Structures are given as structure tokens and as C-alpha cells.
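Only heavy atoms go into these numbers, but all of them, side chains included; no hydrogens, no water, no symmetry mates. A quick note: this is a predicted structure, and the numbers were derived from the prediction, not measured. Just so it is clear: chains get the letters A, B, ... in the order the sequence lines come, proteins before strands, and each one is counted from 1.
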Protein chains: 2
Amino acid sequence: MRKLPAKLASQLYGAAELIAERGLDGTKIEDIAEATGIPKATIYYHLDGKNAVLEFLLSDLLDMIAGAVGVAVSSAEDARTRLEAAVVAQLGVMLEHPFLCRALVGDLGRATRLPELALALRAAFYEPIEQLLADGVADGSLRQVPNPGAVALSVFGAITVAGLTAAVEGPSDDPSADAVRLSASISELIFDGLATRPRRGDCEPGDGA
Amino acid sequence: MRKLPAKLASQLYGAAELIAERGLDGTKIEDIAEATGIPKATIYYHLDGKNAVLEFLLSDLLDMIAGAVGVAVSSAEDARTRLEAAVVAQLGVMLEHPFLCRALVGDLGRATRLPELALALRAAFYEPIEQLLADGVADGSLRQVPNPGAVALSVFGAITVAGLTAAVEGPSDDPSADAVRLSASISELIFDGLATRPRRGDCEPGDGA
DNA sequence: TCGTATGTTGTACTGCAATTACAAACCAGT
DNA sequence: ACTGGTTTGTAATTGCAGTACAACATACGA
């Protein structure tokens, strides 16, 4: 696995949609060759095989996410605000790259069995959240919870599943607007919960139960 | 795909761990034959191939989850309480069957490409939650949110990712205790959120609900 | 200009594993 | 014992990933 020339790298993206659609199994190396215009022999010259194609595409996605989230997280705001920004950032990248997301979901199993990717996955998705939750307790902007690990995981799940689903359901014409909208819903859930009682803004106009 | 005899069905579970460990790709039909004691030819007589093995195992898991959640959901309590019960139920089944869960995560892509399973997945995980959120708004036990679909998805993600991760991380000696513990954390997140306090001009917290 | 190193690509080949074919048992139930 | 479903061993058959390799291209320094 040398470091693949830029031109080939960009051509390789032509395979993303194919893989997203049919899964890696359902995609022959020949198909990838045809879709990208890179001959099979050349693919094998640079990459170690089919998995490596997926690995290349996904590690790129994960880097983008980790990067965007990283920026969001390193502002000077309090942890709560940064978490909100991180949600927007993550969803933004995901909705920007629906095919890569679909490929990721579709071959999640393979991805988690590729050691590099497993790490990148953790780094992109889970670790920033875990950190923010800890920061939030420290700076008082988030509540202390009894089981931070489990909660971080749930928050991660809430964001990621919503984002993945949105990405899978159909590319939109304005991804970043969608990201903002979606992340507003998610943040509301994460911060304020669903219970009727501790409510913000207005008091429950309805009757007491 | 006739309905496979009970004896074979039970033997087939012997393949779950194998598939969980190595993924369906990494598992040869011969391996499955050996692990289950069912000869290859017999497997092919009853099932349509490797995918069908996975499909059988997973649809069973999903039925169990849908069943347990269904019971939890149909009690006479308010929606919030039922949602809490549903979380416990779902996590209970998941932690009870770690290998199947691992197989599910690992081959999620295949699963979602198997139409029957995709439906079962929806029915087991997502639909009950969606319903409960609506019920909760109706009976006043849950808050009205602007985008119920996205929120239901996030709640689903929060529960499922936490459960899946717990299942993947290692079988425990007391799954149902773990399920209760874990679901307490998740419910707390879902209902009360992470904000330090209900923000932005709150109804007096003391005034009883 | 040549030589060497490095990348590119076509073509043929190897090998593995899924699936299929098939025939020989093996059971009921009648 | 006959029949119709099941069970299983033993070959094929097939499709595709990965490999081998030779011919060609390009660059670059001597």
C-alpha cells in the first residue's frame, strides 16, 4: 500500500456509488475498473485488493469527519456548545457524502474488521464525543451522568444513525441545510430529553395528566 | 425456502458464533457444515445458500426483539413508562444473544439488502419507538418535538448502538442485570438529556407535574 | 543517447469456494 | 414392497479474486 497518486485517488471515487448500491460483495473488481476507468492491473499495482479500495474510500470519509469534528470541537466555547457544533459538523460531512456513508453502513462489518478503519471510526465518531462529555462535566455545561461511557455511546449512536439514515435515504439538493435542521432535532433530544416535565421555553400548555 | 425442521434450526445456531467472529465472508459453507454438524448438501437442500443461513439466524433474533418489545409496549402504562420498558426489553434480548448481535452488526449491509430482513429490522427496532413517541405526545407523558421522525431515529440509534456495542464487547454472565443497568443510563439520556439544567426560562422546577 | 527505475496495462493463468448435479441410501406412511 | 419426501457423499461446474508476466511508457540523471 504505497500512497496512491492523486489522479487515481480521484478516479477511485467513481466506485463509491457502485459499492454503495451493491455492496462490496456484489461489486466485481472488473466493475470497479470499468466504473473508474482504472484498469484492473493498475488497481492491483497500487492497492492490495478489493478491501483496500473500500478502505481507501472510507478512511477518506472518516478523515473528513474527524477533521470537521475536530475543528468544531476545538473552539473556545463551553463543551455543550462545542458538542452542538460537532453534531452539525458530523452530519454536514455525512450528508455531503451520501454514497460513502451508504458504503460505510453497507460494509460496516468489513470496515470494523479492517484494523486501520476500526481505529479511524473510533477516532472520527466516538472519541470526540466522549471527550466533550467529560469536558462538559468539568466546565459545568453538561450534567454529570453515572455511566459516561454508555451515554457517550448512545449519543454517538443517536447522531450517527440519524445521519446515516438521512444519507441513505436520498441525496438532497442542500446537504448543509439538511444537516443544520437535523442536528437541531438531535441536539434538542440530547440536551433536553423527551420528558414532559423539565421543559424549556414554555410551560406545558396542556392539562396535567 | 421451506420451513426448515426444528432439529436443523437448532443445530444452525452453532454457526452463529463462527459468523459473528469472522463475518459471513470469512466463513466457508464447509465451516458452517462442520460447526453445525449438518452436511453441506443438506444445508443446500433446505436453504438457498449462505445468505439464507444468515437470514435465518437474524430473522430469529429480530423476531425475538420484536416480540419482547411488543410485550413491553402493549402494557397499560403511559407511553413514557412503556418506552422505558421497551428499552429494557430490547437490550435484554440483545445482551442475551451477543453472537447474533455481532453477526447482525458485522453483516448489516447484507442484512439490509435482504428484503425480508430489512422489514423485520424496521419492525423490531424502529416502528415501536416511533409509535411510542406519538403515543407519548397524545397522553402527555412525552414532549412534542418538531421532527418526530428524526427523533425516533435518534432514539433508536441511541438504544441500538449502545446495545450492540455492549453485546459485541463481550458476553456477560448476567445479561439481564446488565440490560437493566444499561437501559437506566440510556433512559436517563433520552428523557432528561444532558443539559445541566432545563434552560431558557423554565417552568418552576418545584411546581410539581 | 542510453540506461535504469518506476509506473501502466493487456492477457493469460491459478486457485478457491459457492453452488449445482446426481445417485445412492434412508426413511416414513400406506 | 411402493412411493414420495429427505439425507448425504461425491463429483462436476462456475465465477471471480488475485497473480504472473511481458510489453510498453515515462522520467531523469549520466
Side-chain angles (χ1 to χ4, degrees), chain A residues 1-59 103 106-111 113-117, chain B residues 1-58 103 106-107 109-111 113-117:
Chain A
M1 288 267 286
R2 294 137 274 243
K3 58 173 189 311
L4 185 74
K7 189 186 165 201
L8 289 187
S10 80
Q11 285 180 280
L12 221 40
Y13 283 95
E17 185 167 353
L18 211 57
I19 294 175
E21 215 62 56
R22 321 205 273 226
L24 196 59
D25 282 338
T27 310
K28 288 177 280 204
I29 279 279
E30 300 278 12
D31 296 339
I32 295 177
E34 193 184 354
T36 59
I38 311 170
K40 189 171 86 152
T42 307
I43 296 178
Y44 275 106
Y45 180 76
H46 290 287
L47 296 171
D48 285 347
K50 226 159 100 165
N51 281 347
V53 174
L54 184 71
E55 188 164 355
F56 168 77
L57 291 174
L58 293 188
S59 66
D107 287 286
L108 190 61
R110 220 183 290 259
R113 240 170 260 111
L114 266 20
E116 309 237 329
L117 271 192
Chain B
M1 289 267 287
R2 296 136 274 244
K3 59 172 195 304
L4 161 98
K7 189 187 168 201
L8 289 188
S10 80
Q11 284 179 280
L12 222 40
Y13 284 96
E17 185 167 353
L18 213 56
I19 294 175
E21 214 64 55
R22 320 205 271 225
L24 196 60
D25 282 338
T27 310
K28 289 177 279 205
I29 278 279
E30 299 277 14
D31 296 339
I32 295 176
E34 195 184 355
T36 59
I38 312 170
K40 192 171 71 154
T42 306
I43 296 178
Y44 275 106
Y45 181 77
H46 289 286
L47 297 171
D48 286 344
K50 226 159 107 167
N51 282 347
V53 173
L54 185 70
E55 186 165 355
F56 168 77
L57 291 174
L58 293 188
D107 288 287
R110 236 192 218 88
R113 240 169 262 111
L114 266 22
E116 308 237 329
L117 271 191

Length of the line joining [X]:[atom1] and [N]:[atom2], which is rounded to integer Å:
X       : N      : atom1 : atom2 : value
A:Lys7  : C:dG7  : NZ    : P     : 15 Å
B:Glu34 : C:dA18 : CD    : P     : 14 Å
B:Leu47 : C:dA18 : CG    : P     : 14 Å
B:Lys50 : D:dG15 : NZ    : P     : 18 Å
A:Lys40 : D:dA20 : NZ    : P     : 13 Å
A:Ile43 : D:dT19 : CD1   : C1'   : 15 Å
B:Leu54 : C:dA18 : CG    : C1'   : 16 Å
A:His46 : D:dG18 : NE2   : P     : 17 Å

- Message: I'd like to know if the side chain of A:Lys50 reaches the main chain of A:Leu24, judged simply by a donor and an acceptor atom lying under 3.5 Å from each other, with no hydrogens or angles considered.
- Response: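 A pair under 3.5 Å: yes.
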
OP1 or OP2 of [N] under 4.0 Å from side-chain N/O of [X]:
X       : N      : result
A:Thr42 : C:dT8  : no
B:Tyr44 : C:dT19 : yes
B:Tyr45 : D:dT6  : yes

- Flag side-chain contact, heavy atom, 4.5 Å: A:Leu4 against A:Leu12: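 A side-chain contact exists here, since the closest heavy-atom pair is under 4.5 Å.
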
- If we only count heavy atoms from C-beta on, is the B:His46 to B:Ile38 side-chain gap below 4.5 Å?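 Side-chain contact under 4.5 Å: no.
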
- Item | B:Arg110 and B:Asp25 ion-paired at < 4.0 Å |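 Judged by the 4.0 Å cut-off on N to carboxylate O distance, B:Arg110 and B:Asp25 do form a salt bridge.
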
- Look at the side chain of A:Pro39 and decide which nucleotide, out of D:dC16, C:dG10, D:dT8, has an atom nearest to it.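 The nucleotide sitting nearest to the side chain is C:dG10.
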
- Query: Taking the nucleotide of DNA chain D with the closest heavy atom to each, which residue, A:Glu30 or B:Pro5, is nearer the 5' end?
  - Reply: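 Looking at DNA chain D, the more 5' nearest nucleotide goes with B:Pro5.
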
